[in-house]
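Below: one structure, written as structure tokens.
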Protein chains: 2
Amino acid sequence: MYPQLKLDNQVCFRLYTASRLITQAYRPLLEPLGITYPQYLVLLVLWEKDNLLVSDISHRLELESNTITPLLQRMEKEGLVSRSKGVVDGRQTLVSLTKKGIRLQEQAKDIPSCMTGALSHSSLCENDARTLVSTLDTIINTLKSND
Amino acid sequence: MYPQLKLDNQVCFRLYTASRLITQAYRPLLEPLGITYPQYLVLLVLWEKDNLLVSDISHRLELESNTITPLLQRMEKEGLVSRSKGVVDGRQTLVSLTKKGIRLQEQAKDIPSCMTGALSHSSLCENDARTLVSTLDTIINTLKSND
DNA sequence: AACATTTTAATCGTGTACGATATAATCATT
DNA sequence: AATGATTATATCGTACACGATTAAAATGTT
């Protein structure tokens, strides 16, 4: 038996599990808004800066268009965003928030503090969180540049 | 604009992205073995202890049967595991490694060091990794007990 | 201008995730 | 022993992820 193959020695498994459990924890918070976690991420991007190309959202979220396109189509069907062909470059698709999409921001503004609250019930202090963010950024940047 | 809704302030987005990028990084390592990352996790569990119930694997990986069952069915079709009805309790399904499944362990033994190597190209040192593991465990245990 | 090349999205197919539901087998009570 | 409650998996439907391919449009070259 190889010790390096023990599940408990796998950092990656923990990342995978933590990510899944957090997405699950978001569900009850996002359900009242009628959106999923990846859709929430798209809205975060658009709330920061509206009228973006699919490629802009793609770069920001590190997701390919084959993931984002159907996601945006569902959001369009829900009336959260509108999509229009680019005028400068006809291949591009411009994504814009609808009034409904903009209004959702109000309902979402307390979600981050709810999540922080849920996590700080544990002994996860401010300082641990900062270290975590910095370590994750290191990992993300390392793996991003591998393309 | 609410600062708490800025994407860059979201710990959760980083976890989500790091997890996805790591799974992507595993792909070229797992492809020669003909398995996916979740299938690799199931094998890690079975390599540690063979002949487990679906519920055992479920608890170990924090995944529900509705995720694991089809996963195991694909692995069975690939000849990596076999599934049989429990003798003591007919509701249970016993999952066992086939010879092919056992043999894969040999081919997999260098995968962890490959991943560690890829990550240590960044400035992620041994110490950061230990802190990361401990923080993730805190998060996981907090969210697990919320059920 | 005509055409090969590149770029940008969308489409397609497979494999997870996961809530909700169904099925089947055991257990607890009567 | 019969039946209602519980438990262990499996099934179903929806929504991602992502590699591979396609389609359309802009760009570069001759």
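Each chain gets a letter, A, B and so on, in the order its sequence line appears, and its residues count up from 1. Worth knowing before you read on, the calculation uses all heavy atoms, side chains too, and leaves out hydrogens, waters and symmetry mates.
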Worksheet entry | Residue B:E64 excluded, over 12 heavy atoms near CD under 6.0 Å | no

Run the salt-bridge test on [X] and [Y] with the 4.0 Å N-O cut-off and return the result as yes or no.
X	Y	result
A:D8	A:K6	no
B:R103	B:E106	no
A:E62	B:R20	no

Once you round it to whole Å, what is the distance between [atom2] of [N] and [atom1] of [X]?
X	N	atom1	atom2	answer
B:L72	C:dA17	CG	C1'	14 Å
B:L30	C:dT16	CG	P	11 Å
B:L41	C:dA17	CG	P	8 Å

Worksheet item: Taking only N and O in the side chain of A:R83, is any of them less than 4.0 Å away from OP1 or OP2 of C:dA10?
Response: yes

Worksheet entry | Per-nucleotide protein contact string for nucleotides 1-8 of chain C, where B marks a base within reach and S marks sugar-phosphate only (heavy atoms under 4.0 Å, - for neither) | ------BS

Give each protein N/O atom lying under 3.5 Å from an N/O atom of nucleotides 11-15 of chain C, with the pair distance.
| residue | atom | partner | partner atom | Å |
| --- | --- | --- | --- | --- |
| C:dT11 | OP2 | A:Q73 | NE2 | 3.1 |

Worksheet item: Between A:Y37 and A:V88, who's closer to the 5' end of DNA chain D by nearest nucleotide?
Response: A:Y37

Discussion item. With a strict under 4.0 Å distance from non-hydrogen atoms of chain B, what nucleotide opens and what nucleotide closes the contacted stretch of DNA chain D, reading 5' to 3'?
Written reply: D:dT7 to D:dG19

